[in-house]
Amino acid sequence: QVQLVESGGGLVQAGDSLRLSCATSGRTFSSYAMGWFRQAPGKERTLVTAISRSGSSTYYADSVEGRFTISRDNAKNTVYLQMNSLKPEDTAVYYCAADLIVYNTNYVPRTREAYDYWGQGTQVTVSS
């Protein structure tokens, strides 16, 4: 079983930056597509950003385009989320997820159903 552990969340003010990390177990991390989701209380878990297993293709939700950047370091089995210019509406629990069944190196999964394993989440709170 693949295990994912998020870290880097915290309480910040609007306009500040945070960098989230997701450490992933397994010998075949480089074959996984990876995504970051977020969920606020009482709301649906939605995709923030995702990256193909090759790292050559990415997806960003309109709400974070230009502010957030996803990256991966396959040598460290880690995916990152750099968040700049944070807004109060970014407040949520952030989850990383792995899609293990990826045959196309440029494929970016965009649905919750596509992902096979999930981390426990890390809280990000942005004050006004």
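Note that the coordinates shown come from a computational prediction; the quantities given were computed from them, not determined experimentally.
- Taking hydrophobic clusters as Ile, Leu, Val, Met, Phe, Trp and Tyr residues chained together by side-chain heavy-atom distances below 4.5 Å, V64 shares a cluster with L81.
- Checked by atom type and distance alone, the side chain of T122 never pairs as donor or acceptor with a backbone atom of E6 at under 3.5 Å.
- Cation-pi geometry between R72 and F29 is met: the NZ or CZ atom falls under 6.0 Å from the ring centre, inside 45° of the normal.
- When all heavy atoms of R67 and L86 are compared, the pair lying nearest together is NH1-CA, 3.9 Å.
- Going from atom CG of N77 over to atom OH of Y32 covers 8.0 Å, rounded to the nearest 0.5 Å.
- The backbone N or O of V126 sits less than 3.5 Å from a side-chain atom of T91, completing a donor-acceptor pair.
- The side-chain contact (heavy atoms from CB on, under 4.5 Å) with I51 is formed by just one residue from the set T58, T69, V108; it is T58.
- Looking at N106 and S56, their side chains do bring a donor and an acceptor atom within 3.5 Å of each other.
- One N or O on the side chain of T49 and one on the backbone of Y59 form a donor-acceptor pair closer than 3.5 Å.
- With S25 contributing its side chain and Q3 its backbone, the two residues share a donor-acceptor pair below 3.5 Å.
- We find the CG-OG distance between D99 and S52 to be 11.5 Å, quoted to the nearest 0.5 Å.
- Ring geometry for Y115 versus F37: interplanar angle over 60°, hence perpendicular rather than tilted (30 to 60°).
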